[in-house]
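Here the structure is laid out as structure tokens; the discussion comes afterwards.
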Amino acid sequence: MSPALNGHTEIHKWCRNFPGTRDQVREARQFVSAYLGDRPEIDAAQLIVSELASNAIRHTRSGLPGGHFGVTLHAGSTLLIVAVLDEGSHFVPRLCEAADEDLGGRGLHLVETLTVRWGVYGDAAGRTVWALLPLTSSAPVP
């Protein structure tokens with residue numbers, strides 16, 4: 001089923017759960033790609049979901065055996081909401097300063113750069129990290 005919207009004021013929601021394994025980050029990117037089609041924001045949206053899903057697997061119970069994470073996409077005429085739901089941990093997602101030699105610690109900076117706003121809600125029992133990505137008005141909404 002196509003995620004196409006019937007009108008410019010309608011908000012469309014698409015959700016999917018994924019096993020909490022590293023190979024599923026690729027599947028989450030493909031899920032975003034299927035939703036957005038050929039819209040110009042596809043690369044940014046795929047990068048955002050990749051970073052948020054990777055963090056869910058790396059830093060929460062979602063990455064433990066039997067864990068899972070969810071991806072929810074909401075699109076309107078000017079904004080895409082990308083949300084990744086995890087199984088929680090005592091780690092709270094936050095921006096950090098990575099040293100030049102650090103292999104990680106830059107993902108949320110990328111998310112912040114690409115989006116209008118991002119945030120977190122939830123607690124150690126489960127969290128959602130969300131990001132708001134502007135959509136160009138020249139392309140039709142999915």
Would you say the side-chain atoms of Arg29 and Ser50 include a donor-acceptor pair closer than 3.5 Å? yes
Kindly give the heavy-atom pair with the smallest separation between Ala56 and Ser62, and that separation in Å. O-CB, 3.6 Å
Leu52 side, atom CG; Trp130 side, atom CH2 - distance, nearest 0.5 Å: 11.0 Å
Report, as yes or no, whether the 6.0 Å neighbourhood of atom CG on Asp38 holds more than 12 heavy atoms from other residues, nucleotides or ligands. no
To the nearest 0.5 Å, what is the distance between CZ on Phe91 and OG1 on Thr60? 9.5 Å
Separation between CD1 of Ile81 and OG1 of Thr128, rounded to the nearest 0.5 Å: 12.0 Å
Using every non-hydrogen atom in the two residues, find where Gly76 and Leu135 come nearest and quote the distance to one decimal. O-CD1, 3.4 Å
Heavy atoms of Leu114 and Pro134 approach each other most closely as O-CD, 4.3 Å
Check: Val49 and Val84 side chains under 4.5 Å, non-hydrogen atoms: yes
For the backbone of Ser54 and the side chain of Arg22, can you confirm whether one donor and one acceptor N or O come within less than 3.5 Å of each other? no
For the CD atom of Gln46 and the CZ atom of Arg26, what is their distance to the nearest 0.5 Å? 11.0 Å
Donor-acceptor contact present, side-chain Glu87 to main-chain His68, <3.5 Å: yes
Is there a side-chain contact (heavy atoms from CB on, under 4.5 Å) between Val32 and Val82? Walk through the geometry before answering. CA-CA 9 Å; Val32 169; Val82 178; 5.5 Å; no
Using 30° and 60° as the class boundaries, would you call the ring planes of Trp14 and Tyr35 parallel, tilted or perpendicular? tilted
Can a donor-acceptor pair be found, under 3.5 Å and without considering hydrogens, that links the side chain of Glu41 to the backbone of Leu133? no
CG of Leu132 to CD1 of Ile48, rounded to nearest 0.5 Å, is 9.5 Å
Between Val129 and Asn55, does a side-chain contact (heavy atoms from CB on, under 4.5 Å) hold up when you go through it step by step? CA-CA 10 Å; Val129 183; Asn55 283 351; over 6 Å; no
Inter-residue atom distance Leu80.CG - Ile42.CD1, 0.5 Å rounding: 11.0 Å
